[in-house]
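Report on one structure; see the data block that follows.
Every heavy atom of this structure was used, including side-chain atoms; hydrogens, water molecules and symmetry mates were not. By convention in this document, chain letters (A, B, ...) are assigned in the order of the sequence lines, proteins followed by strands, and residues within each chain are numbered from 1.
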There are 2 protein chains.
Amino acid sequence: MARTRKISEPKPARAAPLTRDTIVGAAKAVLERDGYDALTMRAVASELGVRAASLYWHVRDKDLLEDWLFGALLDEVTLTVRGADWREDVRAIARQMRGHLMSKRDMQRVSAGRFVLGPPLLRQMEIILGVLRRGGLSNRDAAFGIYTLLNYVNGFVLFQTAPLSAAQAKGAKRGVVFAGLRRQLAALPAATYPNSVALAGDLTSNDPDARFEFGLDLLIEGLERRAKPSHADAWRPASEGLNQES
Amino acid sequence: MARTRKISEPKPARAAPLTRDTIVGAAKAVLERDGYDALTMRAVASELGVRAASLYWHVRDKDLLEDWLFGALLDEVTLTVRGADWREDVRAIARQMRGHLMSKRDMQRVSAGRFVLGPPLLRQMEIILGVLRRGGLSNRDAAFGIYTLLNYVNGFVLFQTAPLSAAQAKGAKRGVVFAGLRRQLAALPAATYPNSVALAGDLTSNDPDARFEFGLDLLIEGLERRAKPSHADAWRPASEGLNQES
DNA sequence: ACCTGAACACCGTTCAAGT
DNA sequence: ACCTGAACACCGTTCAAGT
C-alpha cells in the first residue's frame, strides 16, 4: 500500500485524505492511548487533524465506527492450532483469544455485546469450527459449541476486567479490593450466610487464570463427551497441572 | 413502611423528600419505560419532580446510582430450589436468573461487567453456594463454579439481547437478521470458508433457549464430575428432551 | 467529492445561593 | 439539611457553506 504523498501540506497533521482505514487506525490509537471513555468522535477526528463533522462523510455514526474497530482489533489475533489433539487446540484457541482480549486496552468494552459477522470474525470462526468438527462434533453441537466458547471467553474477560463496583474501584488495586471483599464476607453473620462465610477465602482468591481454566475445562470436557457416537475411551481426568503452552 | 403524607403540596410531582429508595425506584421506572439509553440523571430527577442537581446530595455519581439499581433489580428475583437433585436445582437457578434478566428491560446492560457484592447478590450467592456444596463440590470448585455460572448466564443474555451489529439491527427483527446472516454465510466461497458454509444453517438457527441449555448442560455435567470423590454412578446422558419446569 | 463552521439538543457534574 | 439556578465542559449529529 505505497501511497504517493504531496510534500507541500499546510497542516502537518493532515497528510492523506480520510479513508475507512485511516479512521479505524485513529480510533485504535485513541483507544489504546486514552481508553474507551475517551473514544469520542472529536478525539478520533483530532487524531487525524480534522474536525468531527468530517468523519460523517465516511461513516454513518459512532456505532458503525465501533463495529469497524471491533473487526480491526479482532483481526490482530492469529489463532494457531497444532492439528493433533483437538481438545488441546480448543484450549489453545480460548487462551489466545483471552490473551488478545486482555492485551488491547478496553477491547472487551468494544466487544461487549457486539457480534459483527465480517471477514475478521469469519476467519476465526472458520478455524474454530474446523477444530470442533475435526473432533467429531455434530453440526448442531459445533455451532452451539462455538457460540458457547466465544460467549465464555468474552464474558469472562468482561467480568474479570470490569470495575467490581463504583464504590470500590475508584483507583483501588484489584488485590486490595479482593482483600476487602474477603473481610466483608468473613464478617457476615454466619447464621444467615453460612456458605459465604465458609467460602470467603475461596471466593476472593483472585486467581483469574485458574478460574478461567476451570470453566474452560468444564466446556471442553462437555464437548468431548458429545464428540463421536458415544464412547469416551480416551478420557483424561482433569488434574491440577494443566498442560501449558506459550 | 407507611409514610405520613402532607396533603398541601405546591407541585403535584413532588410528594416526599428524596431518599435512596425513591431515587432507585425512579431509575427503575425510567429504565423500564424508556430503556437504558434514556437513563440519565435528568430523567431520573424529572421522574421525581426535581432537578438533576438535587440528586447529587443523595448519591455520589451516576455510576453509584447504577450500582444501587443493579442491586434493586437483582433483589426482585427469588431463586427457588427443590432441595432434591442438586443438578436440577442448578439448572433451575440458571433458568430463573436468565428469565429474570430478560424480563427486565435492558437489565443486562446495567449488569454487564457489574459485580456489586451487596445484600442482594449475597442472598443469591448464598443459595447457589448451598446447592453446589450440597452436591459435594469442594470449596474451591464451589467458588469457581458459582463464578462460572453467573458469568455464563450474564454473558449469554448480554450476547443474546445485544444488537448483532450497528449495520444490521437498526430496527430489524431478529428473525430476518438471522435469515440474512444465513444467506451471507451460505454465499461465502466454500474453498476458503468450508465450515462456515457447511454450518450456515446451524449457525443461524436462532433458538436461544436450546443454545442456553446446551452450554448449561456442559457446565452442569462438568460440575457433577467434580462432585464427590470420583465415581459417576448416577450418570444420566444428556438427551434431547430436557426436563421442563415452570 | 470532501471538509469546515456553526449550531442543535443533549450529557454528567459542580457550586454558590436559596430555604 | 436539602434543593435550585446557572453554569462548565463536554457529547453525537446535522447541515448549509465552502473548495
Side-chain angles (χ1 to χ4, degrees), chain A residues 3-6 8-24 26-27 30-31 34-69 106 109-110 114 163 166-167 170-171, chain B residues 3-6 8-24 26-27 30-31 34-69 106 109-110 114 163 166-167 170-171:
Chain A
R3 182 190 292 137
T4 56
R5 169 105 84 102
K6 294 290 178 190
S8 59
E9 294 287 338
K11 289 196 172 189
R14 278 298 305 288
L18 298 183
T19 65
R20 168 167 164 166
D21 280 349
T22 60
I23 291 173
V24 172
V30 172
L31 184 71
D34 302 321
Y36 185 77
D37 289 329
L39 184 68
T40 67
M41 297 300 272
R42 281 170 170 86
V44 173
S46 164
E47 188 77 15
L48 294 160
V50 125
R51 318 303 294 270
S54 309
L55 298 174
Y56 289 87
W57 181 264
H58 302 274
V59 59
R60 183 174 10 86
D61 54 23
K62 194 194 180 192
D63 201 23
L64 181 57
L65 173 53
E66 288 195 41
D67 271 5
W68 294 351
L69 178 59
D106 283 351
R109 295 182 66 184
V110 179
R114 208 171 282 273
K170 289 290 179 196
Chain B
R3 182 189 293 133
T4 56
R5 169 104 82 103
K6 295 290 178 190
S8 59
E9 294 289 337
K11 288 196 171 190
R14 279 296 306 287
L18 298 183
T19 65
R20 170 169 163 166
D21 281 350
T22 60
I23 291 173
V24 172
V30 172
L31 184 70
D34 302 321
Y36 185 78
D37 289 329
L39 185 68
T40 68
M41 296 300 272
R42 282 169 168 85
V44 173
S46 164
E47 187 77 14
L48 295 160
V50 126
R51 318 303 294 270
S54 310
L55 298 175
Y56 288 86
W57 181 263
H58 302 274
V59 60
R60 185 174 8 89
D61 54 21
K62 193 193 180 192
D63 202 23
L64 182 57
L65 174 53
E66 288 195 40
D67 271 6
W68 294 352
L69 178 59
D106 284 350
R109 295 182 65 183
V110 178
R114 208 171 281 273
K170 289 289 180 199

Minimum heavy-atom separation for A:Val44 to A:Ala27, with atom names? CG2-CA, 4.0 Å
Roughly how many Å apart are C:dA9 and D:dA9, using the P atom of each and rounding to a whole number? 22 Å
Between CG of A:Leu48 and P of C:dC2 the distance, given in whole Å, is 15 Å
note: B:Asp34, atom CG; C:dC11, atom P; distance rounded to Å ~ 11 Å
With a 4.5 Å cut-off on side-chain heavy atoms, are A:Asp34 and A:Leu39 touching? no
Could you tell me how far apart A:Met41 (CE) and C:dA7 (P) are, to the nearest whole angstrom? 21 Å
Tell me which one of A:Met41, A:Arg20, A:His58 satisfies side-chain contact (heavy atoms from CB on, under 4.5 Å) with A:Leu65. A:Met41
Just to confirm, is there a sub-4.0 Å distance from OP1 or OP2 of C:dC3 to any side-chain nitrogen or oxygen of A:His58? yes
Side-chain N,O (B:Ser54) to OP1/OP2 (D:dC2) below 4.0 Å: no
Restricting to non-hydrogen atoms, name the atom on B:Asp106 and the atom on B:Tyr36 that form the minimum distance, rounded to 0.1 Å. OD2-N, 2.6 Å
Heavy atoms of A:Val30 and A:Ala43 approach each other most closely as CG2-O, 3.9 Å
Using whole Å, what does the distance between atom C1' of nucleotide D:dT14 and atom NZ of A:Lys62 come to? 17 Å
Whichever of A:Ala53 and A:Ala43 has the more 5' nearest nucleotide on DNA chain D, that residue is A:Ala43
Every stem of 3 or more Watson-Crick or G-U pairs under 3.5 Å that DNA chain D joins, in order of first number, is C:4-8 with D:12-16, C:12-16 with D:4-8
In whole angstroms, the gap separating P of C:dC10 from CG of A:Asp61 amounts to 18 Å
Report yes if the side chains of B:Arg114 and B:Asp63 come closer than 4.5 Å at any heavy-atom pair, otherwise no. yes
I need the CG-P distance between B:Leu39 and C:dC10, as an integer number of Å. 16 Å
Could you tell me the separation between the CZ atom of B:Arg51 and the P atom of D:dG5, rounded to a whole number of Å? 5 Å
Any side-chain heavy atom of A:Val24 sitting closer than 4.5 Å to one from A:Asp21? no
Could you check how far CG of B:Leu65 sits from C1' of C:dT13, rounded to whole Å? 14 Å
Donor-acceptor pair under 3.5 Å, A:Arg42 side chain vs D:dG12 base: yes
Counting heavy atoms from C-beta on, name the nucleotide in D:dT14, C:dT13, C:dC3 closest to the side chain of A:Tyr56. D:dT14
A:Trp57 side chain near C:dC3 phosphate (N/O to OP1/OP2, under 4.0 Å): no
